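Okay, so here's the structure we're looking at.
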Amino acid sequence: MGGVTHDGLDRLTEQMDTAILVVTTQADGQRSGCVVGFATQASINPPRLLVCLSRTNHTFGVAARSDHLAVHLLAHRDMALAELFGGETDDEIDKFDRCTWHRGPQQMPILTNAIGWLVGRTVERVEFGDHVGYLLAPVDAWFADRDDDPLRFSDVMDIDPGHDP
């Protein structure tokens, strides 16, 4: 019996079809945001959320200088936001000039059209190979009073990343 292959892991994660999240942050007057495919609840008590940022993503550098992240849940109708934050890079454009947003708790950029968001304080950063995990303690959250299905991994598989993987 051989080791786990990339193909095996890819097939498993495709079947999990997790919700696609957009993480935004700001530091030193610079905003940034990206689509995040790796996220999970990490603790019930105390409440903790783990989100992982790619080292090659512009947002990674801004997040490294910030104490907070905003994590957004998108609906199917928000595919344009997923394409903006997943298919473009802040190295080349200001994504926030192309969407509706406002300053939220801890001055985090909040995407107005998201069906929910959570701002979390970074408790710990954990090295995970080509990604760094941000363990977040919730500071504030908001969720819409409607039943929109979240955008899923399978919905965005055709988006070409705005940066090298």
Side-chain angles (χ1 to χ4, degrees), residues 3-6 8-28 30-76 78 81-82 85-86 90 95 101-157 159 161 163 165:
V4 175
T5 65
H6 285 279
L9 181 59
D10 288 346
R11 290 183 67 192
L12 176 69
T13 56
E14 286 173 12
Q15 292 302 310
M16 292 167 51
D17 205 15
T18 57
I20 293 299
L21 304 172
V22 172
V23 168
T24 61
T25 192
Q26 70 85 29
D28 307 321
Q30 184 179 28
R31 299 179 303 255
S32 194
C34 65
V35 166
V36 172
F38 307 139
T40 189
Q41 182 176 352
S43 175
I44 295 170
N45 190 14
R48 296 289 186 262
L49 179 69
L50 177 69
V51 295
C52 298
L53 299 177
S54 170
R55 293 175 181 278
T56 62
N57 196 301
H58 181 273
T59 305
F60 176 81
V62 180
R65 300 187 319 268
S66 179
D67 293 331
H68 293 82
L69 299 178
V71 182
H72 303 80
L73 184 63
L74 303 181
H76 280 278
D78 297 320
L81 276 175
F85 282 89
D90 288 307
K95 297 175 190 178
W101 66 281
H102 63 276
R103 290 199 188 282
Q106 304 300 316
Q107 302 299 305
M108 290 295 103
I110 301 297
L111 302 178
T112 304
N113 291 335
I115 58 174
W117 54 261
L118 177 143
V119 170
R121 177 180 53 81
T122 300
V123 174
E124 187 174 348
R125 291 175 177 91
V126 182
E127 305 286 329
F128 290 123
D130 60 359
H131 283 67
V132 170
Y134 284 72
L135 187 62
L136 303 176
V139 172
D140 201 352
W142 172 87
F143 291 88
D145 290 328
R146 59 184 185 266
D147 291 330
D148 288 324
D149 288 331
L151 196 59
R152 302 258 175 214
F153 177 74
S154 59
D155 300 318
V156 301
M157 290 178 58
I159 297 175
H163 62 84

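Here the structure is a predicted model, which is why all the values come from computation and not from measurement. This chain uses plain numbering: 1 for the first residue, then up along the sequence.
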So, taking the atom named CG in Leu49 and the one named CG in Leu135, what distance separates them when rounded to the nearest 0.5 Å? 8.5 Å

If we only count heavy atoms from C-beta on, is the Val22 to Leu81 side-chain gap below 4.5 Å? no

So which heavy atom on Val62 is nearest to which on Ser32, and how close? CG2-CB, 3.7 Å

State, yes or no, whether a side-chain contact exists between Pro105 and Trp117 at a heavy-atom distance under 4.5 Å. yes

Could you tell me the separation between the CD atom of Gln106 and the CG atom of Leu69, rounded to the nearest 0.5 Å? 11.5 Å

Correct closest heavy-atom pair for Phe60 and Tyr134 would be O-OH, 4.1 Å

Kindly give the heavy-atom pair with the smallest separation between Ala70 and Pro109, and that separation in Å. CB-O, 3.9 Å

Considering non-hydrogen atoms only, spot the tightest contact between Val23 and Thr59 and give its length. O-CG2, 4.4 Å

Nearest heavy-atom contact between Pro47 and Pro138 is O-CD, 3.2 Å

Looking at CG of Leu73 and CG of Asp148, how far apart are the two atoms once the value is rounded to the nearest 0.5 Å? 9.5 Å

Side chain Thr40, main chain Ala42, donor-acceptor under 3.5 Å: no

Check whether any side-chain heavy atom of Thr122 lies under 4.5 Å from a side-chain heavy atom of Leu136, and answer yes or no. yes

Hey, what do you get for CE (Met108) to CG (Asp67), rounding to the nearest 0.5 Å? 8.5 Å

Apply side-chain hydrogen bond (donor to acceptor under 3.5 Å, both in side chains) to Gln26 and Arg103, showing your working. CA-CA 10 Å; Gln26 70 85 29; Arg103 290 199 188 282; 5.0 Å; no

Tell me if the CZ atom of Phe38 is crowded by more than 12 foreign heavy atoms within 6.0 Å. no

Of all heavy-atom pairs between Pro150 and Ala19, which one has the smallest distance, and what is that distance? CB-CB, 4.3 Å

Does any non-hydrogen side-chain atom of Ile110 lie less than 4.5 Å from one of Val119? yes

Given 3.5 Å as the limit, does a donor-acceptor pair link the side chain of His72 with the main chain of Leu111, or not? yes

Can you tell me how far CG of Asp90 sits from OG1 of Thr24, rounded to the nearest 0.5 angstrom? 10.5 Å

Between CG on residue Asp140 and CG on residue Leu118, distance to nearest 0.5 Å: 8.0 Å

